[in-house]
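What you see is a predicted model, and the numbers here were worked out from it, not measured in a lab.
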Amino acid sequence: MKKGKVCVLGSFNLDIVAGMSRFPQPGESLIAHNSMMGAGGKGANQAVAALRAGARVHYIGKVGRDDFGTFARRHLDSAGFDAVTLFSTADYPTGNALIYVAGVDAENMIAVDPGANLTFTQDEIEQCRPAIAAADILLTQLENNLPAIERVIDIAAEAGTYIILNPAPFQLVSDLLLSKVDLLTPNATECTLLTGIEVNDIASAQRAAKVLHGKGIKALIITLGTQGALLSVAGQTQLIAAIPAVPKDTTGAGDAFNGALASQLAGGIPLDDAARFASAYASVCVERAGAAASMPSYEEALERQASAQPQIVQ
């Protein structure tokens, strides 16, 4: 696979993770069986995934001028990106997230303080125009302030850069914005909020896909966890089967999928094959603790894809 260029504009958060046997009830204190602190944020996680899955990556983010911001800069400088553009503000803290991971399925519950992530200025976004225009793929999410995301997408559209929007965490966005996106990658919850259709299986995802295409979206992948993912291009749908895993921490699964998907598309891989690779990549990721720290290499995901029998959904 040739190395394509992926530009990721997105959040950086410092993650504080507690492993629990179960989630606490309101007012209840529980003893965690482990805890860790590490780099996170959907943008930074997806940038690391794209990098380790084989792409050349330019990451763009914003942090506070605090200890967490110093941690962010050190982490990003050592990650191996082609380039990092990291803006900062003295008025807001670096984004941070408090995460519980609980139970045999390693499900998670997350509270995020976005802080500096919501303070991109129009001038800062304009400074990123050359990086966006030079990329094969722009990958962005909704964990930053919406006017900045809208401007980034406009710049990419003007430059002919392929745009992937992972609409997470959910924000209310216009149909006009959605129509400018080349590929939308919601999970079931985000798809429900975008369409008003309760999405919980392949059939309901297919109904929601029709609504989203009606909003002008060209292509979309609706991720459905262990049920796989629904790929829909101009109304033609196919199931991307899930690859079984023994989950340890599902926190970074969606980010792993999106980063790996972007890396493959940037390298010229067809969308359906890129989605299958991304499914294998996410399968390896959830078997490890931590989000950014758990992102596997291209070779590890390729081996998983070759050796695993896809999980068939009845």
Peer 1: Do I132 and L9 have side-chain heavy atoms sitting under 4.5 Å apart?
Peer 2: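 A side-chain contact is absent here, since even the closest heavy-atom pair is not under 4.5 Å.
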Peer 1: Determine yes or no for a side-chain-to-main-chain donor-acceptor pair under 3.5 angstrom, with T140 supplying the side chain and L165 the backbone.
Peer 2: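 Checking the backbone N and O of L165 against the side chain of T140, no donor-acceptor pair under 3.5 Å is found.
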Peer 1: Are any of the side-chain heavy atoms of R22 and L30 separated by less than 4.5 Å?
Peer 2: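 Yes, at least one pair of side-chain atoms sits under 4.5 Å.
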Peer 1: Checking side-chain hydrogen bond (donor to acceptor under 3.5 Å, both in side chains) for the pair D67/T70: CA distance, chi angles, key distance, verdict?
Peer 2: CA-CA 5 Å; D67 289 345; T70 302; 5.0 Å; no
Peer 1: Measure up the F12 and H75 rings against each other and bin them: parallel (under 30°), tilted (30 to 60°), perpendicular (over 60°).
Peer 2: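 Ring orientation, 0 to 90° scale: tilted.
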Peer 1: Kindly say whether I243 contributes a backbone atom to a donor-acceptor pair with the side chain of S283 at under 3.5 angstrom?
Peer 2: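 Yes; judged by distance alone, with no hydrogens or angles, the pair exists.
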Peer 1: Please answer whether the main-chain N or O of N258 pairs with a side-chain N or O of Y281 as donor and acceptor at a distance below 3.5 Å.
Peer 2: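 No; zero donor-acceptor contacts below 3.5 Å.
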Peer 1: Backbone N or O of N117 within a donor-acceptor pair of the N144 side chain at under 3.5 Å?
Peer 2: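 Checking the backbone N and O of N117 against the side chain of N144, a donor-acceptor pair under 3.5 Å is found.
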Peer 1: So which heavy atom on L224 is nearest to which on A205, and how close?
Peer 2: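 So the minimum-distance heavy-atom pair works out to CD1-CB, 4.1 Å.
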Peer 1: Show the nearest heavy-atom pair for residues A53 and S263, with the distance to one decimal.
Peer 2: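 Closest heavy-atom pair between A53 and S263: CB-OG, 3.2 Å.
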Peer 1: About how many Å separate CD1 of I202 and CG of L239, when rounded to the nearest 0.5 Å?
Peer 2: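 Rounded to the nearest 0.5 Å, the CG-CD1 separation comes out at 4.5 Å.
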Peer 1: Where do C285 and M295 land on the side-chain contact (heavy atoms from CB on, under 4.5 Å) test, with the steps shown first?
Peer 2: CA-CA 5 Å; C285 171; M295 298 303 174; 4.0 Å; yes
Peer 1: Restricting to non-hydrogen atoms, name the atom on F120 and the atom on A148 that form the minimum distance, rounded to 0.1 Å.
Peer 2: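 Nearest pair, atom of F120 first, then A148: CB-CB, 3.6 Å.
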Peer 1: Is it possible for you to say whether L231 and L139 belong to one hydrophobic cluster, with membership spreading through side-chain heavy-atom contacts below 4.5 Å?
Peer 2: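 Yes; tracing contacts between hydrophobic side chains, which count when under 4.5 Å, links both residues.
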Peer 1: S279 pairs by side chain to side chain contact (heavy atoms under 4.5 Å, CB included) with which of I240, I221, T223?
Peer 2: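 For S279, the side chain to side chain contact (heavy atoms under 4.5 Å, CB included) test succeeds with only one of I240, I221, T223, which is I240.
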Peer 1: Between T192 (side chain) and V199 (backbone), is there a donor-acceptor pair under 3.5 Å?
Peer 2: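 Side chain of T192 to backbone of V199, a donor-acceptor pair under 3.5 Å: yes, one is there.
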Peer 1: Given L142, which partner from the list Q171, E190, K42 fulfils the side chain to side chain contact (heavy atoms under 4.5 Å, CB included) test?
Peer 2: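 With L142 as partner, side chain to side chain contact (heavy atoms under 4.5 Å, CB included) holds for just one option, Q171.
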Peer 1: State the CE-CG distance between M37 and D15, to the nearest 0.5 angstrom.
Peer 2: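 It comes to 10.5 Å.
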Peer 1: Do L118 and V152 belong together in a cluster built from hydrophobic side chains that touch within less than 4.5 Å?
Peer 2: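 No, L118 and V152 fall in different hydrophobic clusters.
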Peer 1: I'd like to check P169 versus E143 (side-chain heavy atoms, cut-off strictly below 4.5 Å). Are they in contact?
Peer 2: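 Yes. Closest side-chain heavy atoms under 4.5 Å.
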Peer 1: Take atom CD of E126 as the centre, draw a 6.0 Å sphere, and report whether it contains more than 12 heavy atoms from other residues, nucleotides or ligands.
Peer 2: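 For E126, atom CD is crowded (more than 12 foreign heavy atoms under 6.0 Å).
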Peer 1: Quick check: is L184 connected to L172 through a chain of hydrophobic side chains (ILVMFWY, heavy atoms under 4.5 Å apart)?
Peer 2: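 Same hydrophobic cluster.
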Peer 1: Using modelled atom types only, decide if a donor and an acceptor are shared between the side chain of D66 and the backbone of T94 within a distance under 3.5 Å.
Peer 2: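 Between the backbone of T94 and the side chain of D66 there is a qualifying donor-acceptor contact (under 3.5 Å).
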Peer 1: Listed by chain and number, what are the side-chain contact (heavy atoms from CB on, under 4.5 Å) partners of E299, not counting sequence neighbours?
Peer 2: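 Listed in chain order: S297.
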Peer 1: How about V181 and I217: do any of their side-chain heavy atoms sit closer than 4.5 Å?
Peer 2: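 In short, these two side chains do not touch, never coming nearer than 4.5 Å.
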Peer 1: Is a salt bridge present between R276 and D273, judged by a nitrogen-to-oxygen distance below 4.0 Å?
Peer 2: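 So R276 pairs with D273 through a salt bridge.
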Peer 1: For R74 and D77, run side-chain contact (heavy atoms from CB on, under 4.5 Å): C-alpha distance rounded to whole Å, both residues' side-chain angles, the deciding distance at 0.1 Å, then the answer.
Peer 2: CA-CA 5 Å; R74 191 166 59 243; D77 285 346; 6.0 Å; no
Peer 1: Applying a strict under-4.5 Å side-chain criterion to I, L, V, M, F, W and Y, I'd like to know whether V284 and V48 cluster together.
Peer 2: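 Different hydrophobic clusters.
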Peer 1: Does CD in Q236 sit with more than 12 non-hydrogen atoms of other residues, nucleotides or ligands closer than 6.0 Å?
Peer 2: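 At most 12 heavy atoms, drawn from other residues, nucleotides or ligands, come within 6.0 Å of this atom.
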Peer 1: How long is the straight-line distance from CG of L98 back to CG of L14, given to the nearest 0.5 Å?
Peer 2: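 So the gap between those two atoms works out to 9.5 Å.
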Peer 1: Would you indicate whether the side-chain heavy atoms of I16 and N96 approach each other to under 4.5 Å?
Peer 2: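 They are not in side-chain contact.
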Peer 1: For residues A39 and N45, report the shortest heavy-atom separation together with the two atoms involved.
Peer 2: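 Closest heavy-atom pair between A39 and N45: O-OD1, 3.9 Å.
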Peer 1: Are Y92 and L146 connected in the hydrophobic side-chain network, where two residues link if heavy atoms are under 4.5 Å apart?
Peer 2: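 They do not share one cluster, since no chain of ILVMFWY contacts under 4.5 Å joins Y92 to L146.
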Peer 1: To the closest 0.5 Å, what do you measure between CD1 (I60) and CD1 (I125)?
Peer 2: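 It comes to 7.0 Å.
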Peer 1: If we ignore hydrogens and angles and just use 3.5 Å, is the side chain of D82 paired with the main-chain N or O of H58 as donor and acceptor?
Peer 2: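 Looks like no, no N/O pair under 3.5 Å.
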Peer 1: Using side-chain contact (heavy atoms from CB on, under 4.5 Å), reason through S232 and I222 one step at a time and then give a plain yes or no.
Peer 2: CA-CA 8 Å; S232 184; I222 303 170; over 6 Å; no
Peer 1: What is the distance from atom CD of Q46 to atom CG of D255, rounded to the nearest 0.5 Å?
Peer 2: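 Going from the CD atom of Q46 to the CG atom of D255 covers 4.5 Å.
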Peer 1: I want to check something: taking the side chain as every heavy atom from C-beta on, are V233 and Q238 in contact at a cut-off of under 4.5 Å?
Peer 2: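 V233 vs Q238: side chains apart.
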Peer 1: CZ of F81: more than 12 outside heavy atoms within 6.0 angstrom?
Peer 2: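 Counting other residues, nucleotides and ligands, CZ of F81 exceeds 12 neighbours.
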Peer 1: Please assess E158 against R129 for the test salt bridge (Lys or Arg N to Asp or Glu O under 4.0 Å), listing each intermediate value before the final yes or no.
Peer 2: CA-CA 10 Å; E158 290 164 16; R129 180 182 288 270; 3.2 Å; yes
Peer 1: Can you see whether S21 engages H33 through a side-chain donor-acceptor pair at a distance of less than 3.5 angstrom?
Peer 2: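 On atom types as modelled, these side chains do not qualify, holding no pair under 3.5 Å.
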Peer 1: Could you check whether any side-chain heavy atom of L261 comes within less than 4.5 Å of a side-chain heavy atom of L271, counting everything from C-beta outward?
Peer 2: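 They are in contact (side-chain heavy atoms under 4.5 Å apart), so the answer is yes.
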Peer 1: Without hydrogens or angle criteria, can the side chains of K62 and T119 be said to hold a donor-acceptor pair below 3.5 Å?
Peer 2: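 Present: a donor and an acceptor within the cut-off.
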Peer 1: Tell me, please, which residues at least two apart from L302 pass side-chain contact (heavy atoms from CB on, under 4.5 Å).
Peer 2: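 If we apply the side-chain contact (heavy atoms from CB on, under 4.5 Å) test to L302, skipping adjacent residues, the hits are F277, Y298, Q305.
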Peer 1: Could you state the interatomic distance from CZ (R207) to CG (L212), rounded to the nearest 0.5 Å?
Peer 2: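 These two atoms lie 13.0 Å from each other.
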Peer 1: Do N187 side-chain atoms and T189 backbone N/O form a donor-acceptor pair below 3.5 Å?
Peer 2: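 At least one qualifying donor-acceptor pair exists.
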Peer 1: Check whether D182 reaches the backbone of I163 with its side chain - one donor and one acceptor, N or O, closer than 3.5 Å.
Peer 2: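 Looks like yes, one N/O pair under 3.5 Å.
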Peer 1: Which heavy-atom pair separates V173 from L194 by the least distance, and what is that distance?
Peer 2: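 Shortest heavy-atom contact: CG2-CD2, 4.3 Å.
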Peer 1: On a heavy-atom basis, which atom in C191 and which in P186 lie closest, and how many Å separate them?
Peer 2: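 Result for this residue pair: N-CB, 3.9 Å.
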